[in-house]
Amino acid sequence: MRVLVVGSGGREHALAWRLAQSPSVYELFAARGNSGTAGLGINLPLSETDFDGIVAVSTERSIDLVVVGPEVPLALGLSNRLDAGGIPAFGPSRAAAQLESSKSFARSVMDAAGVPGPNYRVFQNVAGALSYVQYHDAPVVVKADGLAAGKGVAMCANREDAQYAIRACMEERAFGDAGETVVIEDWLNGPEVSVFGFTDGENLSPVVAATDYKRIGEGGAGPNTGGMGSYGPPHCWSDELAETIREDFMLPVIRELARRGARYRGALYCGLMLTGAGPRVLEFNCRFGDPETQVIMPRLLSDPAEVMLACATGSLADVEPVLWSNRPAVAVVMVSNGYPGSYQTGYAISGLDDVVDADTLVFHAGARLDDDGETVLTAGGRVLACVGMGDTVQDARHLAYQRADRISFDGAYYRRDIAAEAVNVPVGVG
């Protein structure tokens with residue numbers, strides 16, 4: 001197969017890296033890709049929302065499968081355009097992608113499917129939202145309804161915080177049109193887990209789990225980011241829990257979408273809180289997570305191209321069951337100084353070739369090649385993810401930090417506590 005990966009982040013480098021290992025893949029392309037994907041195939045000068053360009057190049061180069069990494073092109077209907085051109089696309093249709101692009105839509109699907117989540121209310125006017133939090137017990141979670149690059153969620157410990165978050169969304173338009181509607185949910189407590197599976201809209205593969213770290217500061221301090229690290233399997237994960245989430249949470253949502261005429265084909269992401277009363281869904285997303293992809297792709301034992309094509313063509317039941325390794329992996333994300341606020345780019349990155357162990361990987365995100373075709377420069381907020389794999393989380397974590405400590409660029413920052421709570425805990429099964 002000739003495969004095109006759409007996107008330019010760390011998730012897309014991890015997907016391209018795993019696809020490049022597939023015996024089914026003859027040639028690999030990325031639109032637009034980054035300095036990491038450039039070493040695996042051919043980067044094409046196409047943005048993720050250049051649908052005309054993506055369809056045209058897929059036709060011209062006889063692309064057999066397009067793997068759409070980010071949520072924005074899926075929410076805008078890239079898979080629909082590719083399907084119309086007879087090009088298999090791994091990624092849900094625009095209608096099915098509303099599971100991520102509209103939190104109120106997702107809650108209505110979950111309600112219809114009987115999937116448990118927090119109590120919630122949806123508001124389209126600021127006065128109603130402010131009145132609700134004035135008389136509702138804090139703490140609450142205020143969410144922009146639309147896509148906000150993972151930053152549209154405010155954890156509000158008191159009424160003042162909630163009112164501030166509502167005004168930021170609905171009056172100040174901090175997230176643009178995404179905050180025109182807000183969803184206000186009750187605050188839940190417990191370990192948070194990201195769960196992923198492959199689906200063709202009817203069948204769902206065995207699932208895999210990872211833990212994500214959203215806050216910029218150690219101990220969960222500071223503002224939300226796109227993700228500062230990840231590890232898997234989580235210390236709180238088990239075979240029994242995996243089957244429960246697959247059967248009682250994810251499959252009912254897939255079936256409800258199909259009932260609504262929105263067949264879901266691609267990667268399904270279920271964000272959970274493991275509360276004292278049982279698992280509760282925080283969100284569904286329409287693609288693999290970032291940086292979770294960087295720790296689950298090294299654990300995928302099956303042929304990714306074969307599985308993704310089967311999802312795209314509705315034939316997942318016809319391929320071998322998807323297999324995941326339970327060998328732990330830890331990812332530490334290196335970011336630019338100032339992220340998630342303003343930051344500078346264009347700094348040279350050194351130490352990328354300083355490989356401390358064969359069980360380490362570096363996935364590029366906000367990084368690009370300089371004009372000399374060799375020097376790698378910073379080009380975004382989240383620059384790299386350093387991944388370690390081992391027989392225990394402690395081993396994997398040690399290797400990830402060893403690799404990160406050997407890489408440098410001006411203003412580089414990374415958290416030092418990724419996976420710290422999982423050290424010396426027996427490994428679960430993903």
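What you are looking at is a predicted structure, and each value in this text was computed from that prediction instead of being measured.
No donor-acceptor pair closer than 3.5 Å links the side chain of Lys103 to the backbone N or O of Val182. No donor-acceptor pair closer than 3.5 Å links the side chain of Thr360 to the backbone N or O of Val387. No side-chain donor-acceptor contact under 3.5 Å links Thr293 to the backbone of Asp290. Judged by distance alone, the side chain of Arg415 and the main-chain N or O of Met228 form no donor-acceptor pair under 3.5 Å. Asp359 places no side-chain N or O within 3.5 Å of a backbone atom of Leu399 that could act as its donor or acceptor partner. Side chain of Asp417 to main chain of Ala420: no donor-acceptor pair is present (N/O by atom type, distance under 3.5 Å, no hydrogens or angles). Within the 3.5 Å criterion, the main-chain N or O of Pro279 finds no donor-acceptor partner in the side chain of Thr275. For the pair Ser302 (side chain) and Leu323 (backbone), a donor-acceptor distance under 3.5 Å is present. Arg265 contributes no side-chain N or O that, together with a main-chain N or O of Ser79, makes up a donor-acceptor pair within less than 3.5 Å. Distance alone, capped at 3.5 Å, places no donor-acceptor pair between the Asn285 side chain and the Arg287 backbone.
Proximity of Pro298 to Trp17: side-chain heavy atoms (C-beta onward) are separated by under 4.5 Å at one or more points. Using a 4.5 Å heavy-atom cutoff, the side chains of Cys386 and Met334 are in contact. Using a 4.5 Å heavy-atom threshold, the side chains of Met110 and Val281 count as touching. No side-chain heavy atom of Val57 sits less than 4.5 Å from a side-chain heavy atom of Ile63. By the 4.5 Å heavy-atom criterion applied to side chains, Val335 and Thr225 are not counted as neighbours. Within the 4.5 Å cutoff, the side chain of Leu361 has heavy atoms near those of the Met389 side chain. Using a 4.5 Å cut-off on side-chain heavy atoms (C-beta onward), Phe90 and Leu309 make no contact. Residues Pro328 and Tyr231 fail the side-chain proximity criterion, which asks for heavy atoms closer than 4.5 Å.
Counted by atom type alone, Glu100 and Tyr269 present zero donor-acceptor pairs between their side chains at under 3.5 Å. A donor and an acceptor atom, one from each side chain of Asn80 and Ser93, are nowhere located under 3.5 Å apart. Using modelled atom types, one finds no donor on one side chain facing an acceptor on the other under 3.5 Å when comparing Arg215 with Tyr213. Donor-acceptor pairing under 3.5 Å is recorded for the side chains of Asp145 and Ser102. Side chains of Asp50 and Ser47: a donor-acceptor N/O pair is absent below 3.5 angstrom, by distance only. In summary, the side chains of Ser194 and Asp212 do not present any donor paired with an acceptor at a separation below 3.5 Å, with no hydrogens or angles considered.
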Checklist entry - Given Tyr264 and Val253, is the side chain to side chain contact (heavy atoms under 4.5 Å, CB included) satisfied, shown in steps? => result CA-CA 10 Å; Tyr264 191 109; Val253 163; over 6 Å; no

Item to check | From CA spacing to verdict: side chain to side chain contact (heavy atoms under 4.5 Å, CB included), Gln402, His398 | outcome: CA-CA 6 Å; Gln402 270 197 325; His398 176 71; 3.5 Å; yes

Item to check | Pair Cys270-Leu272, side chain to side chain contact (heavy atoms under 4.5 Å, CB included): steps then yes or no | outcome: CA-CA 6 Å; Cys270 180; Leu272 294 166; 3.7 Å; yes

Next on the checklist: Using side-chain hydrogen bond (donor to acceptor under 3.5 Å, both in side chains), reason through Arg403 and Tyr401 one step at a time and then give a plain yes or no.
Outcome noted: CA-CA 5 Å; Arg403 194 72 188 266; Tyr401 277 108; over 6 Å; no

Checklist entry - Can you check side chain to side chain contact (heavy atoms under 4.5 Å, CB included) on Ile216 and Tyr413, steps first, answer last? => result CA-CA 10 Å; Ile216 187 67; Tyr413 166 77; 3.9 Å; yes

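The two residues Trp324 and Ile296 have their closest heavy-atom pair at CZ3-O, 3.5 Å. Residues Cys236 and Leu274 approach most closely at SG-CD1, 3.7 Å, considering heavy atoms. Closest non-hydrogen pair, Ala312 versus Ala89, comes out as CB-O, 3.3 Å. The nearest pair of heavy atoms linking Glu71 to Arg11 is OE1-NH2, 3.9 Å. Nearest heavy atoms, Gly351 versus Ile407: O-CG1, 3.6 Å. Scanning both residues, Ala367 and Asn34, for their nearest heavy atoms gives O-CB, 3.3 Å.
Note on Glu185 versus Lys143: salt bridge recorded, some NZ/NE/NH1/NH2 to OD/OE distance being below 4.0 Å. A salt bridge between Arg81 and Asp52 is present, with a side-chain N of the basic residue lying under 4.0 Å from a carboxylate O of the acidic one. Salt-bridge check for Arg280 with Asp186: failed, with every basic side-chain N at 4.0 Å or more from each acidic carboxylate O.
Going from atom SG of Cys156 over to atom OH of Tyr164 covers 10.5 Å, rounded to the nearest 0.5 Å. A distance of 5.5 Å separates CG of Leu99 from CG of Leu257, quoted to the nearest 0.5 Å. One distance of note links CD of Glu240 with CD1 of Ile245; it measures 12.0 Å at 0.5 Å rounding. Between atom CZ of residue Arg32 and atom CG of residue Asn43 there is a gap of 9.5 Å, rounded to the nearest 0.5 Å. To the nearest 0.5 Å, atom CG of residue Leu377 and atom CG of residue Asp370 are 4.5 Å apart. Rounding to the nearest 0.5 Å places CG of Leu384 at 10.0 Å from NE2 of His13.
In Phe51, the CZ atom is crowded: over 12 heavy atoms of neighbouring residues, nucleotides or ligands sit closer than 6.0 Å. In this structure, Glu243 places its CD atom where more than 12 heavy-atom neighbours from other residues, nucleotides or ligands lie under 6.0 Å away. By the 6.0 Å contact criterion, CD on Glu320 is open, its count of non-hydrogen atoms from other residues, nucleotides or ligands being 12 or less.
The only member of Leu4, Val5, Val3 that meets side-chain contact (heavy atoms from CB on, under 4.5 Å) when paired with Val66 is Leu4.
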